[in-house]
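Just so you know, ligand 1 is whichever comes first in the structure, and atom 1 is the first atom listed for that ligand.
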Amino acid sequence: MREFVSGTQMKQLDRYTIQEIGIPSLVLMERAARSVYDTMIKERLPLKKVLVLCGSGNNGADGVALARMLHLSNISVDVEILGNPSHFTTEMKQQIEIAKKYQVAFVKNKSLSEYTTIVDAIFGVGLDREVGGGYKEKIKEINQADAKVVAVDIPSGIDSATGKVLGCAVCADWTVSFAYEKLGTVFYEGAEYAGNVRVADIGIVKMPEICFPISTYTFEEKDLKEKLFRRESGNKGTFGKVLLIAGNEMTSGAALLSASSALHTGVGMVKVHTRKENRAILPVQLPEAMYCFYGKKEIKSEALAESLEWADVVGIGPGLGTNKQAEALLEFVLKYSKRPLVIDADGLNLLKSKLDLLEKYEYPVIMTPHLGEFSRLSGLSIKDWKQQPIELTNELAHRYNVTLVCKDARTVIADGGQNVYVNTTGNSGMATAGSGDVLTGILLGLLAQGYAPLDAAVMGVCVHGLAGDEAAKEKGKYAMVAGDLITYTGDVLKKRG
Ligand SMILES: NC(=O)C1=CN([C@@H]2O[C@H](COP(=O)(O)OP(=O)(O)OC[C@H]3O[C@@H](n4cnc5c(N)ncnc54)[C@H](OP(=O)(O)O)[C@@H]3O)[C@@H](O)[C@H]2O)[C@@H](O)CC1
Ligand SMILES: [K+]
């Protein structure tokens with residue numbers, strides 16, 4: 001599992017390492033500069049003529065130290081300082097003094113066309129406002145130049161906590177991040193601006209976790225390999241029974257995708273409660289599932305109660321609609337189910353008037369809102385979420401005592417505890433109808449096989465993304481559809497299981 005930090009957290013770690021542990025700031029800086037140098041050599045960047053652009057803070061000081069290293073390796077390098085000298089940090093002043101003694105060349109406003117590689121050491125985690133004026137002009141020039149671009153710690157202009165572009169930002173080919181990858185290059189737009197990201201160990205200590213109220217991780221392919229477990233001796237009862245309440249008269253597709261996806265995730269049995277109108281189509285399309293059909297004005301409470309008792313986990317929402325009947329189904333489930341529950345799509349849209357029942361529900365709940373649904377549930381705007389994705393997801397999860405899978409290009413998963421997860425698998429081809437229904441099925445499948453709710457959520461989102469990546473490889477991001485995600489879910493589990 002990789003851990004990410006915000007700029008504020010990184011500054012705390014820097015301060016702790018320097019002040020409490022006693023590693024001098026210049027020692028950390030030397031290692032930081034060396035790691036950028038190593039990347040430039042290892043990745044064979046064109047080093048015929050290098051320009052290092054520096055701001056007035058310690059990111060700029062890293063840049064000056066790097067320029068000295070390049071110069072001492074006989075690489076032709078110029079340094080341009082953009083920052084105001086009256087704002088130079090102590091380290092910046094020291095680095096300039098050292099570099100001058102080694103006769104490193106300092107230049108002003110030279111055309112960028114003569115450089116083969118440009119190093120962006122303008123702003124690091126100290127960026128605290130919109131970029132404007134001369135900085136903005138210079139960043140635009142960098143982005144138009146033909147040279148390769150290497151960003152020191154984080155591309156200048158990217159908010160280190162959210163990935164937002166603050167006015168304008170450097171578009172890098174490589175970013176060398178110190179100690180931890182910053183959340184700003186995990187979330188979009190920063191993830192696109194960072195290019196290839198390398199994380200370098202520069203000797204920052206891992207502070208005891210209690211110092212951060214929230215720690216942020218990503219769950220990756222190798223973690224999946226460690227976590228996935230399937231008993232060879234099991235029978236269909238061992239691998240769990242899923243009850244899915246889904247599909248309205250015109251939306252059998254959503255029910256089909258969720259049910260099929262649960263079966264392809266390795267669950268033992270799936271039963272679908274759905275409208276009578278789907279009787280002609282669903283059993284033909286998915287004979288492996290069992291079915292219970294209800295008419296227009298009924299919810300078949302007796303059969304539903306029996307199914308709730310039979311199941312190990314319950315899912316409600318995909319294609320369910322938001323009419324009175326759907327509302328009655330949700331109410332019945334929240335009142336009488338005694339099983340872990342996944343609520344998705346229309347289930348979430350109906351939840352606003354059932355929050356009292358949700359609060360009383362004594363069993364684990366996973367909710368999978370996209371940002372619009374998150375906004376309706378929380379009363380916050382999508383813009384609010386984008387400003388504080390980690391904190392707000394965790395807060396809502398805590399408020400309702402649920403595991404929340406907040407779906408976006410970078411899905412955030414939280415259960416109100418100390419660890420929050422940001423998913424880094426998947427791609428834009430997954431922004432297609434039915435993709436969420438498939439995720440619901442995967443989550444139900446994993447929950448039914450006995451994984452704890454937060455584990456099932458982080459594993460499920462990771463599997464869903466990996467299936468999307470395989471689908472994109474085989475079919476392409478334009479052509480792939482939700483059904484492909486189901487096919488490739490099987491492949492993903494086969495390879496990593
Ligand atoms: N020893 C250490 O701590 C280590 C730190 N390390 C490195 O230091 C970096 C952090 O350094 P930092 O804290 O000095 O902040 P940094 O990113 O250089 O920016 C601050 C400067 O930018 C300016 N500024 C900000 N926003 C602006 C805007 N919109 N428009 C214009 N100006 C703006 C701000 O100006 P001011 O507010 O003073 O006007 C100030 O001058 C970190 O990312 C890593 O690379 C590593 O070497 C490891 C050891
Ligand atoms: K930078």
Side-chain angles (χ1 to χ4, degrees), residues 5-37 39 51-66 68-69 81-96 118-139 142-143 149-161 164-185 190 193-195 197-205:
V5 298
S6 66
T8 312
Q9 288 174 324
M10 195 61 232
K11 281 183 163 239
Q12 279 176 262
L13 292 169
D14 283 343
R15 202 178 317 116
Y16 186 86
T17 308
I18 296 163
Q19 289 173 5
E20 305 297 323
I21 304 288
I23 301 181
S25 175
L26 283 183
V27 171
L28 297 175
M29 200 164 270
E30 202 68 10
R31 295 185 68 172
R34 171 58 65 174
S35 69
V36 183
Y37 174 92
T39 299
L51 175 67
V52 184
L53 286 163
C54 303
S56 48
N58 281 351
N59 196 253
D62 290 342
V64 180
L66 167 68
R68 178 205 346 126
M69 290 170 192
I81 296 185
L82 305 170
N84 179 344
S86 65
H87 290 220
F88 286 174
T89 55
T90 310
E91 290 88 339
M92 182 58 171
K93 288 180 199 152
Q94 287 170 307
Q95 293 294 358
I96 293 174
I118 296 172
V119 177
D120 155 32
I122 307 173
F123 309 121
V125 296
L127 179 80
D128 56 6
R129 54 193 187 271
E130 290 266 318
V131 177
Y135 289 108
K136 194 169 185 172
E137 290 312 310
K138 190 60 92 177
I139 289 175
I142 299 173
N143 290 346
V149 177
V150 183
V152 174
D153 209 15
I154 184 165
S156 298
I158 297 295
D159 182 312
S160 60
K164 197 176 162 219
V165 171
L166 294 177
C168 75
V170 169
C171 200
D173 298 289
W174 276 92
T175 295
V176 183
S177 243
F178 307 136
Y180 294 92
E181 185 171 351
K182 311 303 175 291
L183 281 163
T185 56
Y193 278 72
V197 178
R198 191 184 150 215
V199 180
D201 175 9
I202 62 162
I204 301 280
V205 291

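With a 4.0 Å cut-off on non-hydrogen atoms, Asp14 touches ligand 1 through its side chain and not its backbone. Looking at Asp153 against ligand 1, only its side chain comes within 4.0 Å, counting heavy atoms. At a heavy-atom cutoff of 4.0 Å, ligand 1 is contacted by no atom of Asn84, backbone or side chain.
Where the criterion is an N or O separation shorter than 3.5 Å, residue side chain and backbone included, Phe123 fails it with respect to ligand 1. An N or O contact shorter than 3.5 Å is missing between Glu91 and ligand 1 by distance. Close N/O approach between Gly126 and ligand 1 is found [any backbone or side-chain N/O within under 3.5 Å]. Between Thr89 and ligand 1, no N or O atom pair is found at a separation short of 3.5 Å. Checked against a 3.5 angstrom limit, the closest N/O atoms of Ala32 and ligand 1 fall outside it.
Look at Val152 and the K ion (ligand 2): an N/O/S atom of the residue is under 3.4 Å from the metal. At a cut-off of 3.4 Å, Phe123 is counted among the residues with an N, O or S atom near the K ion (ligand 2). Note on Val170: not counted as a metal contact of the K ion (ligand 2), no N/O/S atom lying under 3.4 Å.
With contacts defined as side-chain heavy-atom distances shorter than 4.5 Å, the pair Arg198/Thr175 does not qualify.
The N, O or S atom of Asp120 lying closest to the K ion (ligand 2) is O.
Evaluation of the ring-ring contact (aromatic ring centres under 6.0 Å, His included) rule for Phe88 yields no partner, not counting sequence neighbours.
Closest to atom 13 (O) of ligand 1 among all protein heavy atoms lies Lys11 NZ, 2.9 Å.
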